[in-house]
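Counting from 1, the numbers follow the sequence of the chain as shown. Keep in mind it's a predicted model, so treat the numbers as computed, not measured.
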Amino acid sequence: MVGLSVAVGRFFEALFWAMLQAAGQIGAIVFGGLLLVAVAVRLVLGRWPWRRRR
């Protein structure tokens, strides 16, 4: 009975860590995408005023 309890505990621990890993990967992808969009917007909007001044 104790062995079954340990097995169930380890299963839920592995499940918990797998969910945290997946959430971290999704968060990294979202953050990277937002950073890429911010850099692209900065490059596009940053060049327009220079074109108008010349």
Side-chain angles (χ1 to χ4, degrees):
M1 194 67 170
V2 173
L4 180 62
S5 176
V6 170
V8 170
R10 287 188 178 179
F11 169 76
F12 282 111
E13 181 184 6
L15 185 64
F16 173 73
W17 286 114
M19 289 187 329
L20 281 181
Q21 184 180 12
Q25 289 174 353
I26 292 170
I29 290 170
V30 169
F31 180 74
L34 289 176
L35 186 64
L36 188 64
V37 168
V39 168
V41 167
R42 176 66 182 138
L43 287 175
V44 169
L45 293 180
R47 290 184 180 173
W48 286 346
W50 295 338
R51 290 180 184 167
R52 290 178 188 161
R53 289 178 189 165
R54 291 181 184 174

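By the criterion of side-chain heavy atoms lying less than 4.5 angstrom apart, applied directly or through intervening Ile, Leu, Val, Met, Phe, Trp or Tyr residues, Val30 is not grouped with Val37; the two fall into different hydrophobic clusters. Under the 4.5 Å side-chain heavy-atom criterion for ILVMFWY residues, no single connected hydrophobic cluster contains both Ile26 and Leu35. A continuous path of hydrophobic side-chain contacts links Phe12 to Leu4 [ILVMFWY only; heavy atoms under 4.5 Å].
Atom CD1 of Ile29 sits about 12.0 Å away from atom CG of Leu34, to the nearest 0.5 Å.
For Val39, the side-chain contact (heavy atoms from CB on, under 4.5 Å) test picks out Leu43, with sequence neighbours left out.
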